[in-house]
Amino acid sequence: MSYSPGLENVPATESSISTIDLEAGKIWIRGYSLEELAMECTYEEVAHLLIYGHLPDTRELNEFRRKLVDESLAPKEVLDILGMLPKDMHPMDLLKTGIAALSGFDPELENSDIEANRRKSVRILAKTGFLVGNLGNIREGGFRLFRSDLGHAANLLYAIIGRRAESWELKAFETAFILYVEHELAASTFAARVIASTMADIYGAVVGAVAALKGPLHGGANEKALEIFQYDVEGAEKFVRERLARKERVMGFGHRVYRRGIDPRAEVMKNVLAELCNRIGDDRLYRVAVRVEELMANEKNLYPNLDFYVAPVYKLLGISPGLFTPIFVASRVAGWCAHVIEQQAANRIFRPRAIYTGPRGQKISGRG
Ligand code: CMC
């Protein structure tokens with residue numbers, strides 16, 4: 001048996017959802033470039049592309065937008081459960097609990113045919129957005145309802161910041177939100193597919209994916225990457241050098257697939273950060289980012305991933321750090337659902353082998 005630690009370069013499934021094309025420097029989502037989708041589409045259009053397999057026409061888009069608002073309000077019982085949990089619980093753990101609890105209210109929980117999975121995906125997408133937007137508000141005993149005059153990303157930002165975002169704020173937020181939507185077989189997506197392959201329900205697969213995303217080596221990196229941005233350029237350089245000297249990781253750098261260059265999503269967010277800094281007339285965060293990027297390239301031959309450039313953008317938008325990874329969930333849930341639908345439509349259970357390194361033939365008797 002050949003073995004690749006971390007399954008590096010091991011194809012684990014066939015998929016028509018997305019691929020990282022290193023030669024073209026693109027991420028293709030059902031044939032469209034993710035970077036172009038992020039610049040030219042709304043989140044709902046891209047989520048529709050993932051869940052239904054095509055970009056929506058006007059009628060489909062209006063209906064999808066309406067459903068995302070109509071289906072958003074989580075049951076009172078779920079809000080009550082979240083309100084009872086410890087105040088210092090990480091928002092990702094609240095969210096995991098919230099999505100698990102939502103499963104109890106879905107009448108189609110045990111139906112895993114394609115159309116039922118699509119209908120459940122829309123409900124999960126709508127309610128996950130609502131929960132993420134309101135995680136802070138629920139702890140204060142309230143929530144902000146999603147509004148029919150706003151798109152999904154705008155509603156999420158509205159619930160988080162408590163006012164309708166300016167168009168330039170929404171553009172920055174929604175660009176990041178779309179860039180997060182799908183990324184081939186990331187650890188959380190693989191986790192979702194493994195769970196789905198047992199023919200467990202789609203909520204279980206999403207809860208497992210949320211648990212995987214929380215880790216600092218995956219989605220949790222966007223919250224951790226923020227640490228660097230509390231410093232000025234010199235302070236950030238010192239912080240990074242000290243971490244490297246201690247052989248610690250600098251969050252927001254490196255990627256299993258992008259070994260030799262910047263993640264194309266990070267390039268887009270770098271421009272978004274530059275524009276935001278221009279608009280507010282303070283370029284400290286951009287200068288810090290560029291210096292750290294140069295340093296990491298020179299010292300470690302490592303390049304930024306999306307999380308590195310999202311962290312300062314969210315900071316400038318006034319979003320609290322604990323929500324960085326939950327927002328990633330609210331976006332990626334569309335990708336996870338697409339993978340669950342694809343997996344269960346032509347399923348074979350995942351059951352790999354381990355290379356055993358333990359002993360054999362131990363005697364149970366004679367232990368003393
Ligand atoms: N800072 C410092 N050194 C690093 C980093 C980093 N961020 N990333 C990798 N390295 C080093 C690592 O120590 C190793 O060095 P050596 O060969 O001397 O032991 C070498 O680079 C190869 O690393 P690896 O651990 O074999 O790489 P991997 O493919 O297993 O891990 C990774 C990929 C993303 C987990 C890793 O680069 C990392 O921990 N990065 C920081 C966390 C992060 O930003 N995660 C977000 C990933 S992208 C978005 C997402 O998927 O959520």
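Because the structure is predicted, anything quoted here is derived from the model rather than measured. Each ligand, and each atom within it, is numbered from 1 in the order the structure gives.
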Which heavy atom of the protein is the closest neighbour of [atom], given with residue, atom name and distance?
atom: atom 14 (C) of ligand 1; answer: R249 NH2, 4.5 Å
atom: atom 48 (S) of ligand 1; answer: H255 CD2, 3.4 Å
atom: atom 40 (N) of ligand 1; answer: F253 O, 2.8 Å
atom: atom 34 (C) of ligand 1; answer: G254 O, 3.7 Å
atom: atom 1 (N) of ligand 1; answer: V250 N, 2.9 Å
atom: atom 44 (O) of ligand 1; answer: G252 N, 2.8 Å
atom: atom 3 (N) of ligand 1; answer: L302 CD1, 3.5 Å
atom: atom 51 (O) of ligand 1; answer: H218 ND1, 3.1 Å

Residues [X], [Y]: salt bridge by 4.0 Å N-O rule:
X: R123; Y: D70; value: no
X: E71; Y: K127; value: yes
X: R119; Y: E115; value: no
X: D282; Y: R284; value: no
X: R163; Y: E169; value: yes
X: E294; Y: R291; value: yes

Contacting atoms of ligand 1, where contact means under 4.0 angstrom from a heavy atom of [X]:
X: F328; result: 52 (O)
X: G219; result: 52 (O)
X: A221; result: 43 (C), 44 (O), 45 (N), 46 (C)

### Option of least heavy-atom distance to atom 27 (O) of ligand 1 (set: R256, K300, R259)
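Looking at heavy atoms only, the winner is R259.
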### Message
If you take the nearest heavy atom of each of N305, L217, D307, V310, which one is closest to atom 49 (C) of ligand 1?
### Response
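Going through N305, L217, D307, V310 one by one, D307 has the nearest heavy atom to atom 49 (C) of ligand 1.
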### Task
May I ask whether A186 has any heavy atom positioned less than 4.0 angstrom from an atom of ligand 1?
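No, A186 has no heavy atoms under 4.0 Å from ligand 1.
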### Message
When you measure from the heavy atoms of P216 to every atom of ligand 1, does any distance fall below 4.0 Å?
### Response
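The answer is yes: ligand 1 sits under 4.0 Å from a heavy atom of P216.
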### Query
Looking at D307, V181, V210, which one forms a side-chain contact (heavy atoms from CB on, under 4.5 Å) with F328?
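Option passing the side-chain contact (heavy atoms from CB on, under 4.5 Å) with F328: D307.
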### Query
So, the side chain of N305 versus the backbone of D263: is there a donor-acceptor pair under 3.5 Å, distance only?
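Not a single qualifying donor-acceptor pair exists.
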### Query
Within a radius of less than 6.0 Å around CZ of F239, do more than 12 heavy atoms belonging to other residues, nucleotides or ligands occur?
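Enclosed: over 12 neighbouring heavy atoms sit under 6.0 Å from CZ of F239.
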### Query
Hey, mind stepping through E275 and R279 against salt bridge (Lys or Arg N to Asp or Glu O under 4.0 Å) and telling me if it holds?
CA-CA 6 Å; E275 278 167 32; R279 180 170 275 276; over 6 Å; no
Any protein heavy atom lying closer than 4.0 Å to [atom]?
atom: atom 20 (C) of ligand 1; answer: no
atom: atom 37 (O) of ligand 1; answer: yes
atom: atom 29 (O) of ligand 1; answer: yes

### Task
Verify the ring-centre separation between H218 and H183: is it less than 6.0 angstrom?
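So the answer is no for these two rings.
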